J.: 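Would you mind keeping the following structure in view while I ask a few things?
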Amino acid sequence: MEATYQPGLENVIASETAISYLDVEQGEIVLRGYDLIELANKVTYLDIVGLLLDGVLPDAEQRRSLEQKLIAEYEFPQNVLTMLQLLPKQSNLMDVLRTGISAIACYDEELEDRSRDANYRKSIRLLAKVPQIVANGYRAVTKQSFIEPRPDLSYSGNFLYMITGKVPPETEEKVFDQSLIVYSEHEMPNSTFAARVIASTQSDMYGALSGAVASLKGTLHGGANEAVMKFLLEAGSVEEMESLILNKLARKERMMGFGHRVYMKKADPRAVLMREALAQLAREKNREDLYNMCVIGEEVMNREKKLFPNLDYYAAPVYYLLGIPIDLFTPVFVAARTIGIAAHVIEQHANNRLFRPRVLYTGLRGLHPQT
Ligand code: ACO
């Protein structure tokens with residue numbers, strides 16, 4: 001077969017999958033046959049977990065059973081929390097999360113079992129424990145007391161409660177749940193690819209997820225949501241927003257939260273949904289100024305660069321208004337994406353072919369060591 005080279009693997013088909021597909025022409029993110037945005041408006045994150053793991057949306061009974069399975073896995077190894085407390089205060093919370101995921105792997109008796117059933121159970125364990133690493137990992141390094149998960153709250157309600165220490169009002173829980181849905185799965189981003197590459201060696205799900213966390217830390221990927229919020233706080237007002245963006249572009253810097261390898265010159269449907277969520281939240285919290293800043297930013301970027309916002313641009317201010325610390329924005333993204341990555345690892349293990357590409361060699365040849 002003739003080898004071709006595409007820098008950044010742009011437009012290269014890396015895998016077959018029945019999990020999700022970005023149909024850019026139709027403006028649809030297909031998730032196991034459904035439109036992700038329609039799902040985000042009609043079902044809950046727990047339903048998405050069922051859909052991604054079982055291939056079908058759960059009915060009421062199946063949803064209850066899934067919830068019970070998750071609650072049964074809430075128990076968390078305290079030694080891991082003690083270990084995270086030893087990390088320095090300035091630790092990046094993505095590194096704390098990656099460390100926590102690696103550590104809990106050591107407590108999973110089924111770690112080396114790659115069968116579908118064992119991988120399914122590991123996915124449930126990770127879904128139950130990753131939000132706890134996110135919330136209590138933050139508490140560990142900031143020397144705050146830990147918060148126990150509350151099985152009487154919904155999955156998303158408990159996650160937000162563990163982060164903020166307050167049971168969220170229903171409207172805020174709903175917005176957070178929607179954000180988890182739109183972050184849950186997105187075809188073959190860098191992190192999912194990294195996870196599949198790792199899984200293709202027959203390595204385990206925890207290792208694949210840890211690799212994906214490292215990928216998501218970068219500002220060209222998940223790390224963008226934190227960078228967006230820092231930029232919005234720096235701008236501080238609608239008036240400053242435009243001039244700050246123009247200065248940035250004049251310096252040939254990238255504006256975080258804009259552009260996307262696959263959508264590029266088209267709107268990211270997830271950003272459109274989160275913009276609506278932000279509008280509602282900003283009204284409720286009397287922070288229309290923040291919403292207006294974002295809209296101005298969108299207009300300027302469209303006018304100057306013909307670029308559209310991606311999900312991170314609107315998820316950032318939504319998380320800010322929900323009271324989530326900025327350093328946790330990307331870890332929350334990871335928690336939401338855990339189910340997507342788990343589904344990809346299961347699929348990779350079920351029909352595996354080792355990833356092993358070639359290179360276009362540009363180095364020297366024919367050298368010999370001096371003897
Ligand atoms: N700000 C300014 N210019 C941009 C931006 C941006 N955010 N994104 C792309 N461009 C410009 C590039 O400078 C380039 O311009 P040129 O042709 O004049 O040199 C052109 O658009 C094409 O950019 P590429 O770098 O080739 O596009 P690529 O597909 O590699 O980039 C990426 C995609 C990395 C997401 C890019 O748009 C970017 O850096 N965005 C900011 C980071 C970000 O928001 N990441 C989150 C992604 S979504 C997610 O992870 C949930």
Side-chain angles (χ1 to χ4, degrees), residues 5-12 14 20 22 24 27 29 31 36-37 40 94 178-195 211-232 234-235 241-275 277-278 294 296-319 324 326 328-341 344:
Y5 170 51
Q6 281 294 342
L9 301 184
E10 189 161 358
N11 274 326
V12 170
S20 69
L22 308 189
V24 179
I29 301 164
L31 204 78
L36 177 71
I37 302 305
M94 286 294 275
Q178 269 193 327
S179 81
L180 298 185
I181 293 177
V182 287
Y183 267 134
S184 67
E185 164 59 16
H186 203 227
E187 201 208 69
M188 194 60 77
N190 188 292
S191 48
T192 304
F193 181 53
V213 177
S215 156
L216 276 159
K217 181 181 175 187
T219 52
L220 295 189
H221 196 2
N225 57 12
E226 295 180 11
V228 166
M229 198 60 230
K230 286 174 189 156
F231 184 84
L232 288 169
E234 187 193 336
M241 191 71 182
E242 174 155 7
S243 59
L244 224 59
I245 294 178
L246 293 177
N247 288 342
K248 217 173 169 52
L249 295 181
R251 292 194 301 268
K252 301 257 177 270
E253 286 174 18
R254 281 173 186 237
M255 179 66 194
M256 294 296 120
F258 284 87
H260 193 279
R261 174 63 65 80
V262 180
Y263 301 118
M264 201 35 94
K265 299 286 177 189
K266 295 211 171 171
D268 175 346
R270 305 168 303 167
V272 177
L273 184 91
M274 274 298 105
R275 183 175 57 205
L278 176 65
C294 293
I296 290 290
E298 186 176 342
E299 283 169 13
V300 174
M301 285 301 286
N302 197 284
R303 186 186 73 215
E304 298 293 322
K305 298 286 289 183
K306 299 266 173 299
L307 283 173
F308 288 91
N310 56 51
L311 169 58
D312 285 334
Y313 185 67
Y314 280 105
V318 163
Y319 284 174
I324 299 174
I326 297 171
L328 279 184
F329 287 9
T330 316
V332 168
F333 178 169
V334 173
R337 184 57 60 83
T338 296
I339 184 57
I341 289 169
H344 278 276

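The structure presented is a predicted model; accordingly, all values stated were derived computationally and were not measured. Atoms within each ligand, like the ligands themselves, are counted from 1 in listed order. We use all heavy atoms of the structure for the numbers below, so side chains are in, but hydrogens, waters and symmetry mates are not.
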J.: By number and element, which atoms of ligand 1 are closer than 4.0 Å to a non-hydrogen atom of Thr219?
T.: 42 (C), 43 (C), 45 (N)
J.: What residue and atom, counting heavy atoms only, is the protein's closest point to atom 44 (O) of ligand 1, and at what distance?
T.: Gly257 N, 2.7 Å
J.: Indicate whether atom 25 (O) of ligand 1 is within a distance of less than 4.0 angstrom of some protein heavy atom.
T.: yes
J.: Please report whether atom 13 (O) of ligand 1 has a protein non-hydrogen atom at a separation of less than 4.0 Å.
T.: yes
J.: If you measure from atom 46 (C) of ligand 1 to every heavy atom of Arg270, His221, His186, Arg337, which option wins on shortest distance?
T.: His221
J.: Protein non-hydrogen atoms only, distance under 4.0 Å: does atom 30 (O) of ligand 1 have such a neighbour?
T.: yes
J.: Can you say whether the rings of Tyr319 and Tyr183 are parallel (under 30°), tilted (30 to 60°) or perpendicular (over 60°)?
T.: tilted
J.: Which of the numbered atoms in ligand 1 are below 4.0 angstrom from a heavy atom of Ala224?
T.: 43 (C), 44 (O), 45 (N), 46 (C)
J.: Checking a contact table here: which protein heavy atom is nearest atom 22 (C) of ligand 1, and how many Å away?
T.: Met264 CE, 4.0 Å
J.: Kindly assign one of parallel, tilted or perpendicular to the pair His186 and Tyr263, based on the angle between their ring planes and the thresholds 30° and 60°.
T.: tilted
J.: Measuring only between side-chain heavy atoms, which start at C-beta, is Ser184 closer than 4.5 Å to Arg337?
T.: no
J.: Given side chains that start at C-beta, do those of His221 and Thr330 come closer than 4.5 Å, heavy atoms only?
T.: no
J.: Look at atom 19 (O) of ligand 1 and say whether a protein heavy atom is found at less than 4.0 angstrom from it.
T.: no
J.: For ligand 1, is there an atom lying under 4.0 Å from some heavy atom of Asn190?
T.: no
J.: Could you tell me whether Phe258 and ligand 1 have an N or O pair separated by under 3.5 Å?
T.: yes
J.: Do Glu242 and Arg303 sit within salt-bridge range, that is, some charged N less than 4.0 Å from a carboxylate O?
T.: yes
J.: Considering only the protein, which heavy-atom contact is closest to atom 45 (N) of ligand 1, and what is its distance?
T.: Leu220 O, 3.0 Å
J.: Short list, please: which atoms of ligand 1 are under 4.0 Å from a heavy atom of Gly259?
T.: 35 (C), 37 (O)
J.: So, taking the atom named CZ in Arg251 and the one named CG in Leu246, what distance separates them when rounded to the nearest 0.5 Å?
T.: 11.0 Å
J.: Determine whether Val182 and Ile37 make a side-chain contact, defined as any pair of heavy atoms from C-beta on separated by less than 4.5 Å.
T.: yes
J.: Could an N or O of ligand 1 be found under 3.5 Å from any N or O of Arg261, whether backbone or side chain?
T.: yes
J.: Supply the atom-to-atom distance Leu273 CG to Leu278 CG, rounded to the nearest 0.5 angstrom.
T.: 11.5 Å
J.: Checking a contact table here: which protein heavy atom is nearest atom 49 (C) of ligand 1, and how many Å away?
T.: Asp312 OD2, 3.5 Å
J.: Please report which non-hydrogen protein atom sits nearest to atom 1 (N) of ligand 1, along with the residue it belongs to and the distance in Å to one decimal place.
T.: Met255 N, 2.9 Å
J.: Can a donor-acceptor pair be found, under 3.5 Å and without considering hydrogens, that links the side chain of Glu185 to the backbone of Glu187?
T.: yes
J.: Can you tell me if Thr338 uses its side chain to pair, donor with acceptor, with the backbone of Val334 under 3.5 Å?
T.: yes
J.: Could you tell me whether the side chain of Asn310 and the main chain of His260 form a donor-acceptor pair under 3.5 Å?
T.: no
J.: Looking only at distance, does Glu253 have an N or O less than 3.5 Å from an N or O of ligand 1?
T.: no
J.: Could you work out, for atom 9 (C) of ligand 1, the closest of Met301, Met256, Lys252, Arg254 by heavy-atom distance?
T.: Arg254
J.: Tell me which protein heavy atom sits closest to atom 10 (N) of ligand 1, plus the residue, atom name and distance to 0.1 Å.
T.: Leu307 CD1, 3.7 Å
J.: Suppose we measure from atom 15 (O) of ligand 1 to each protein heavy atom; which comes out shortest, and what is that distance?
T.: Lys305 NZ, 4.5 Å
J.: Does any part of the side chain of Val228, heavy atoms only, come nearer than 4.5 Å to the side chain of Met255, both counted from C-beta?
T.: no
